[in-house]
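Only one structure is covered here, and it is reproduced in the block below.
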Amino acid sequence: MKIFEFIGLSIYLVLIAILIVRQVNVSRNFRNNKIDEETHQKLTKRNTILLVIVGILLILFLYTPFKILIF
């Protein structure tokens with residue numbers, strides 16, 4: 001059971017890391033004037049929503065008695 005928990009936790013942490021890198025790239029592109037303000041706001045909103053969803057799923061994964069991988 002510990003291996004399953006470690007694999008599930010690793011998957012969620014990798015997803016969070018990917019979302020953070022995406023947000024950093026969006027901010028960098030905005031600072032370098034590669035994207036306009038409207039696109040920056042849209043992508044930032046999308047990344048924030050995805051990050052919150054993955055965070056909630058991570059918390060549910062850690063604190064539920066039945067370890068179910070939800071993507």
Open item on the list: To check you understand the geometry: which heavy-atom pair defines the closest contact between Leu58 and Tyr12, and what is its length?
Closed with: CD1-CB, 3.5 Å

- [ ] Say whether Ile59 and Val54 are linked into one hydrophobic cluster, either directly or through other cluster members, by side-chain heavy-atom distances under 4.5 angstrom.
- [x] yes

Task: Spatial distance of atom CZ (Arg28) from atom CD1 (Ile35) [nearest 0.5 Å] - done: 12.0 Å

Task: Transitive ILVMFWY side-chain link Leu13 to Ile3, under 4.5 Å - done: yes

Task: Distance, nearest 0.5 Å, that separates CD1 of Ile11 from CD1 of Ile16 - done: 12.5 Å

Open item on the list: Grouping I, L, V, M, F, W and Y whenever their side-chain heavy atoms are under 4.5 Å apart, do Tyr63 and Ile7 come out in a common cluster?
Closed with: yes

- [ ] Check the pair Leu19 / Thr48 against side-chain contact (heavy atoms from CB on, under 4.5 Å), numbers first and verdict last.
- [x] CA-CA 8 Å; Leu19 290 171; Thr48 303; over 6 Å; no

Task: From Val21, Asn25, Val26, residue fulfilling side-chain contact (heavy atoms from CB on, under 4.5 Å) relative to Asn47 - done: Val26

TODO: Find the distance between CG (Leu15) and CD1 (Ile20) and round it off to the nearest 0.5 Å.
DONE: 11.0 Å

TODO: Carefully, step by step, assess Lys45 and His40 under the rule side-chain contact (heavy atoms from CB on, under 4.5 Å).
DONE: CA-CA 8 Å; Lys45 184 177 180 181; His40 176 260; over 6 Å; no

Task: Heavy-atom pair with the smallest gap, counting every atom of Glu37 and Phe30 - done: CA-CE1, 3.6 Å

Open item on the list: If you define the side chain from C-beta out and look only at heavy atoms, does anything of Ile49 sit under 4.5 Å from Ile53?
Closed with: yes

- [ ] Assess whether side-chain contact (heavy atoms from CB on, under 4.5 Å) is satisfied between Gln23 and Leu51, documenting all intermediate values.
- [x] CA-CA 10 Å; Gln23 182 59 38; Leu51 189 59; over 6 Å; no

TODO: Would you please test Glu5 and Leu9 for side-chain contact (heavy atoms from CB on, under 4.5 Å) and show each step?
DONE: CA-CA 6 Å; Glu5 290 177 10; Leu9 183 63; over 6 Å; no

